[in-house]
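Keep in mind the model is a prediction, meaning the values are calculated, not measured. Letters A, B, ... mirror the listed sequences (proteins, then strands); counts begin at 1.
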Amino acid sequence: MTASSSSRRRFVRNAAGTTALALIPYQGRPAHAGTSEAAVPFEPVFFTPAELEFLSAACERIFPQDDLGPGAVALGVPFFIDRQMDTPYGKGELWYLSGPFHEGPPQLGYQLPFAPRDLYRKGIAAADAYARQRRGRKFSGLSANDQIDLLTAFEGGGVQFPELNARMFFEQLRRNTLEGVFADPVYGGNRAMQGWTLLGFPGARADFMDWVDQNGAPYPFGPVSLARQPL
Amino acid sequence: MSRKRTDVVIIGAGWAGSILAKEMREAGRSVIMLERGPERRTAVEGSYPGSIDELRGAIRHRLFQNPAKTTVTIRNTMNQTALPYRQLAAFLPGEGVGGAGLHWSGVHFRAAPDDLRLRSHVIERYGKKFIPEDMNLQDYDVTYDELEPFFDKAEKVFGTSGEAYKIDGKIVGNGNVFAPSRSDAFPLPPMQDVHTAALFRKAAAEAGYHPYSMPAANASKPYLNSYGLQMGPCNFCGYCSGYDCFMYSKASPNINILPALRSDPGFTLISNAHVLRVNLDAERSRATGVTYLDQKADREMTIEAELVIIAAFQFHNVHLMLLSGIGKPYDPVSNTGVVGRNFVYQTLTTSHAWMGRNDYTNQFVGAGGAGVAIDDFNSDNFDHGPLGFIGGSPVWVNQAGIKPIAAAMSGGGKSSPRWGKGFKEALVDTYRHSFAIDAHGSNMAYRDVYLDLDPTWKDSYGQPLLRMTFTWKDNDIRMNQYVVGKIEPIMKALGARHYELGRLEYGEPFDTRRYQTTHLGGGAVMGADPRTSALNRYLQSWDVSNVFVIGSNAFPQGMGYNPTGTVAALAYWAAHHIRTRYLMHPGPLVHRA
């Protein structure tokens, strides 16, 4: 076994063992924008309780609970993103973050000095301030429709936060939300592989010798995780 | 500073470097190979199931270059300020032993004969006036017939699966009718068609085109290669592109060459060794060796060598030449110099077909090199006379295995929501019932598209970043739009419920944020004229004759085909001439006129 596999096993144990810890009660579900499936509480390692409220509300709007299945909160996406903030990726170690910093045309890509964790810290504060200013409440206290309106405005690029365009924050949030829905459950999201089940993706099976061409028949087996079982 | 001596020092442990290392050891020369990334062994870092983790793999770039250490700057036009490529997206160079040859897909083509002498061919068929004024159309100065033995040699190392059309001038099978004659069959029979490739094969034939099985360096059967190394049959797991192959089925330097070298006492592989420069003598006409940073010890080391092979990724080769002062840097204003000239890419656009809701396309099933293609609109297989452009595209279904995070980032069709209500439904429908058809086209070279050193940004070693000046030109947009238009009859024959054609649009600049392809080329091209090429026909520097530069940097134009097969053949071609001529009489293999 490689070092990375054993550290993953440790991580899985820790993730599964969180109920033994002193928990910050999860209060991220606003009254007006409820989710029908309960989220599993967890102790965040990066986000403050207030930030977690924003994160949970926003990622649920991006990937909502509906007739097709659970939304981001029930799938464990806030937990996933929280844990990602504590990785080399979250700390910006996979991006070139040397100055000077100049904005350019959009096609030349990301030009901010911020790592993912900075984008969340600054973006969430700015988004909540924007929600209070425009709608009189922090983001997580708004109705689902109002939340959708704000996220749509952020996505559109017309909202400028103090240190970044809201669109950069929105894209970060969308990307990490979808990662949390569809990454292997060992990372804390995609709970019980329900993201994969929705798509019909068989996870880590990685052997389709007998299914190369079945003339359009659906693949018959459900998914398996790297950890070999739903978490 | 510590010093070592060797006969040959090789920069980069990808395909080009590994091929040269094996050839130089066969010639009895001591070899040190330097790789700036970490060691990567299939049995250890590449084993199942850790190797097929999408988040850690393609999403968090387990096998890709980390731009935090070094990257490039990019601008579309010369009057812009280039800005750093801070997040990998449009292209994904490799890092670590195996290089991009570890995470490639495995599509293994031979260059089309006309593409190797494109300038001469265009003038012969259409006249000199057909070439746009600002286009630097050039020949490789090597022909298909000269390269054929080396294409063949590479296929027998890679264990390539495919179906021949012509061998020794005789039609022998149902391969690509546009492919040139071969000296031998593919080592392995073609890969099986996945469902969507079978659909495409039938529809393309109905549309009057000539579908064929793509040549894949994915083993369709067990294979013992020419170095005595074993490959296992591909199981269509869907983790080629962006991953290392835990099945030992996709060819890589790590599986197909390096095991034959690792126990050889005359061969030394040093990983985590970032080469800072090639050292030259006072006249800058001879290389004395290289200086690298041992990244683990954080110490500069120098290796003295008789022969220096620069065999890193395309743009790293150009970067290293510029940093070392090998050859004259290109200046687009005065139109002089050669290093950085003819920087090229490929035009890759994807179209999508949505089949009926009882037809499951099972897009997670796949093999990166396999698929069904048509060449009816590639190279000069069709009359360009009335069309007013140079170049072409193969069109194919090359289902490499689509993973869920990547699928979710793309979402549904053009008009479907990117998130929220309606997103899930469109995503599920698209994942379950659609598939992709690519136009994987050429890209010509232009006077104001080039590479040089950035004046502002530096890498973590304190050296200037390489600057790319690149955008799409009308010739290539016209080509792409024409070929994409030819996909429409296939869509109709498929009986698709819905389809969307993806194409380049006039005035749309190159966008660094969206993955297109890692097939960058040129910048230090081979050719007959030292005023327009940095390398001679043997990939030897015109200016520093004990430096050879191996890679797609040698391509004067971006061809429609994937580059690796031609890079491998050029590596064996260069190695052959080093072994049979250069080592006996070191010096220029071609004398300046």
Can you tell me if [X] uses its side chain to pair, donor with acceptor, with the backbone of [Y] under 3.5 Å?
X       : Y       : answer
K424(B) : G71(A)  : no
N66(B)  : E93(A)  : yes
R174(A) : R418(B) : yes
Y48(B)  : A206(A) : no
K403(B) : G203(A) : no
R513(B) : L108(A) : no
E54(B)  : D184(A) : no

If you tally heavy-atom pairs under 4.5 Å against chain B, which of [options] wins?
options                            : result
G104(A), S98(A), P88(A)            : S98(A)
Y219(A), W95(A), W196(A)           : W95(A)
V181(A), L112(A), L151(A), T177(A) : L151(A)

* salt bridge (Lys or Arg N to Asp or Glu O under 4.0 Å) between E179(A) and R60(B), worked out -> CA-CA 11 Å; E179(A) 288 170 359; R60(B) 296 284 183 265; 2.6 Å; yes

* **side chain to side chain contact (heavy atoms under 4.5 Å, CB included) partner of Q107(A), the single match among T471(B), D511(B), T512(B)** => D511(B)

Please classify the contact of [X] with chain B as side chain, backbone, both or neither, using a heavy-atom distance under 4.5 Å.
X       : answer
Q84(A)  : side chain
T152(A) : both
A217(A) : backbone

* Assess whether salt bridge (Lys or Arg N to Asp or Glu O under 4.0 Å) is satisfied between K421(B) and D66(A), documenting all intermediate values. => CA-CA 8 Å; K421(B) 186 171 158 41; D66(A) 62 14; over 6 Å; no

* To do: Examine whether an atom of T196(B) lies under 4.5 Å from a heavy atom of chain A, and if so say whether it belongs to the side chain, the backbone or both; otherwise answer neither.
  =>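 Neither part.
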
* Can you say whether D193(B) sits under 4.5 Å from chain A via the side chain, the backbone, both, or neither, judging by heavy atoms? ->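 Interface part for D193(B): backbone (N, CA, C, O).
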
* Asked: Is there a side-chain contact between H102(A) and L83(B) (heavy atoms, below 4.5 Å)?
  -> yes

* Hey, does the Lys NZ or Arg CZ of R86(B) hover above the aromatic six-ring of Y96(A), less than 6.0 Å from the centre and inside 45° of the axis? ->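 Judged by the rule (NZ or CZ under 6.0 Å from the ring centre, within 45° of its axis), R86(B) is not positioned above Y96(A).
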
* Interatomic distance, I52(B) atom CD1 to L226(A) atom CG [nearest 0.5 angstrom] -> 6.0 Å

